[in-house]
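Before anything else, here's the structure in question.
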There are 2 protein chains.
Amino acid sequence: MEKLKDITFYTMDKAIRTYRNFAQKKLKENGYKITIDQWLIIKAILENPGISQQELGEKVFKDNASVTRIIELLVKSDYLEREVNQNDRRKSNLKVTTEGKSIIDKVQTLVLENRKTALTGISFEDLEIMNRTLKTIIENCH
Amino acid sequence: MEKLKDITFYTMDKAIRTYRNFAQKKLKENGYKITIDQWLIIKAILENPGISQQELGEKVFKDNASVTRIIELLVKSDYLEREVNQNDRRKSNLKVTTEGKSIIDKVQTLVLENRKTALTGISFEDLEIMNRTLKTIIENCH
DNA sequence: TATCAATATTTGATATATCAAATAAATATT
DNA sequence: AATATTTATTTGATATATCAAATATTGATA
């Protein structure tokens, strides 16, 4: 029977979780009251103004239900504002507040540092190969 | 501002989730009433008889609290039995039931198929590089 | 031996993931 | 226009993740 440590998917899982924990801890250490996922959602809205929740979910690879709930919390934290979309009343217009923009800016530096730390000692070529490989896996599992 | 799709960690996250969803769907399609995480825990117990919950958590990289709750559900599903450890009454002895062994056996084939599908078209070298890279990330984030 | 410190597990609170069902609004069909 | 279908979002139920606090037990020490 194969050992767990030899399983690629186990290593993938462990790596992404180790990174998430690491990044989340850094956020907390620096007093930022935001989760990685919340940061991701705000960032996606900033990069895609007028995006719907559904598109948002596709963008950050999250379930509609998760998006709904993350947005609720972001509104509660005053990082987001939502209004009913007048063209299609099923949708809502999501706007990042000043406070939301501000925390994204502040956190940005930290995130770049975290990534740098996490990728220390990895060559550009290896990183490219990993990215390509991960993308192949994503394709294969569709 | 960098685009999300260019972010390595985002791709890692997406890849592992795509694989998990894919694998979980296959389990469901075949009528197996077990989650990937439950499968992982049972497998780790089979491979490490007498393992404590804490060691189990380290092995599969899960929080103690998560392990407790997954085990509760496994006991409820009759895949696991637990007794108080007489040497150390804080611990419990975890035993995989006949039914538990049976489902692991049956699911095993499916899991191997899933992995094969997910890794189609990826060279051994690239896979090795990815594994090495992931392990470096894990080290860097400790 | 009574007390203190360390260890293993559980529990509570909160966030996210997933699926299915429910709502609500828009669009198509008759 | 009334009805049916499709689409976007929400809600409920259940599983997992994370942290902190609570429990229970063991081991060490005064």
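Order of the sequence lines sets the chain letters (A, B, ...), proteins ahead of strands, with each chain counted from 1.
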Less than 3.5 Å between a donor and an acceptor, one on the side chain of B:Arg90 and one on the base of C:dT7, is that the case here? yes
Heavy atoms within less than 4.0 Å of DNA chain D: which residues of residues 61-73 of chain A have one? Give them sorted by number. A:Asn64, A:Ala65, A:Thr68, A:Arg69, A:Glu72
Looking for any heavy atom pair under 4.0 Å, which part of the strands does A:Arg17 touch: base, sugar-phosphate only, or nothing? sugar-phosphate
Please determine whether a side-chain nitrogen of the Lys or Arg among B:Lys95 and B:Glu83 lies less than 4.0 Å from a carboxylate oxygen of the Asp or Glu. yes
Donor-acceptor under 3.5 Å (B:Glu58 side chain, B:Glu55 main chain): no
Which atom of B:Lys135 lies closest to which atom of A:Thr11, heavy atoms considered: CG-CG2, 4.0 Å
Any N or O donor-acceptor pair linking the side chain of B:Arg89 to the base of D:dT25 at under 3.5 Å? no
Specify the separation, in whole Å, of atom CD of A:Gln53 and atom P of D:dT11. 11 Å
Under 3.5 Å, is there a donor-acceptor pair between the A:Gln54 and A:Arg90 side chains? no
d(CD, B:Gln86; C1', D:dT25) in whole Å: 13 Å
Are the side chain of B:Ser77 and the backbone of B:Leu73 linked by a donor-acceptor contact shorter than 3.5 Å? yes
Scan B:Gln38 against the nucleic acid and name what it touches under 4.0 Å (heavy atoms): base, sugar-phosphate only, or nothing. sugar-phosphate
Where B:Thr133 and B:Ile129 come nearest, the two heavy atoms and their spacing: OG1-O, 2.6 Å
